[in-house]
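Below is one structure, written out as structure tokens; the observations come after it.
Source: prediction; values computed, not measured.
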Amino acid sequence: MSFQAYLDNIEEKTGKTPNELIALAKAKGFDSTAKAGDVIAWLKEDFDLGRGHAMALFHVIKNGPAIRDKHVNSGKAHSDPSDTLRLDGKNNR
């Protein structure tokens, strides 16, 4: 599953866009220095998200919307057509 597909599924599961969840994370004090375990625990407790989905969102909280070139059109796990993830929601494209 691509990073973008994980983010799209998170929106379907929670009703919140990645940007909305990032804002909630920042309000809780999670930023680029956050630890993965803490973010995973919060997303599990508040939104019942599993580890894979939580790690995709953690990546964006920690690194922003850019993904490494090795994931762009690689045809492998987490392959995406672009090096920039869309965070404004599925309906805003």
I need the [X] [atom1] to [Y] [atom2] distance, nearest 0.5 Å.
{"X": "K44", "Y": "H53", "atom1": "NZ", "atom2": "NE2", "result": "11.5 Å"}
{"X": "F58", "Y": "N63", "atom1": "CZ", "atom2": "CG", "result": "7.5 Å"}
{"X": "D8", "Y": "S2", "atom1": "CG", "atom2": "OG", "result": "7.0 Å"}
{"X": "Q4", "Y": "L87", "atom1": "CD", "atom2": "CG", "result": "7.5 Å"}
{"X": "Y6", "Y": "K13", "atom1": "OH", "atom2": "NZ", "result": "10.0 Å"}
{"X": "T17", "Y": "I22", "atom1": "OG1", "atom2": "CD1", "result": "8.0 Å"}

H59 side chain to P65 main-chain N or O, any donor-acceptor pair under 3.5 Å?
->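 Such a contact is absent between H59 side chain and P65 backbone.
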
For the side chain of K62 and the backbone of S32, is there at least one donor-acceptor N/O pair under 3.5 Å apart?
-> yes

Count the heavy atoms belonging to other residues, nucleotides or ligands that lie under 6.0 Å from CD of E12, then report whether that count exceeds 12.
->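 Yes, the 6.0 Å shell around CD holds more than 12 heavy atoms from other groups.
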
Is there side-chain contact between L24 and K16, with heavy atoms separated by less than 4.5 Å?
-> yes

What orientation do W42 and F30 show, parallel under 30°, tilted 30 to 60°, or perpendicular over 60°?
-> tilted

Pair T33-D31, side chain to side chain donor-acceptor pair (under 3.5 Å): steps then yes or no | CA-CA 5 Å; T33 64; D31 58 16; 2.5 Å; yes

Apply the test side-chain contact (heavy atoms from CB on, under 4.5 Å) to residues L21 and T14: give CA-CA distance (whole Å), side-chain angles for both, the deciding distance (0.1 Å), then the verdict.
-> CA-CA 9 Å; L21 287 168; T14 66; 4.0 Å; yes

Looking only at heavy atoms, which two atoms of G89 and P18 are closest? And how far apart?
->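 For G89 and P18, the tightest heavy-atom pair comes out as N-CD, 4.4 Å.
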
So, for A36 and M55, which heavy atoms are closest and what is the spacing to 0.1 Å?
-> CB-SD, 4.1 Å

Do F3 and V60 pass the side-chain contact (heavy atoms from CB on, under 4.5 Å) test, and can you show the C-alpha distance, the side-chain angles, and the key distance before you say yes or no?
-> CA-CA 10 Å; F3 278 107; V60 175; over 6 Å; no

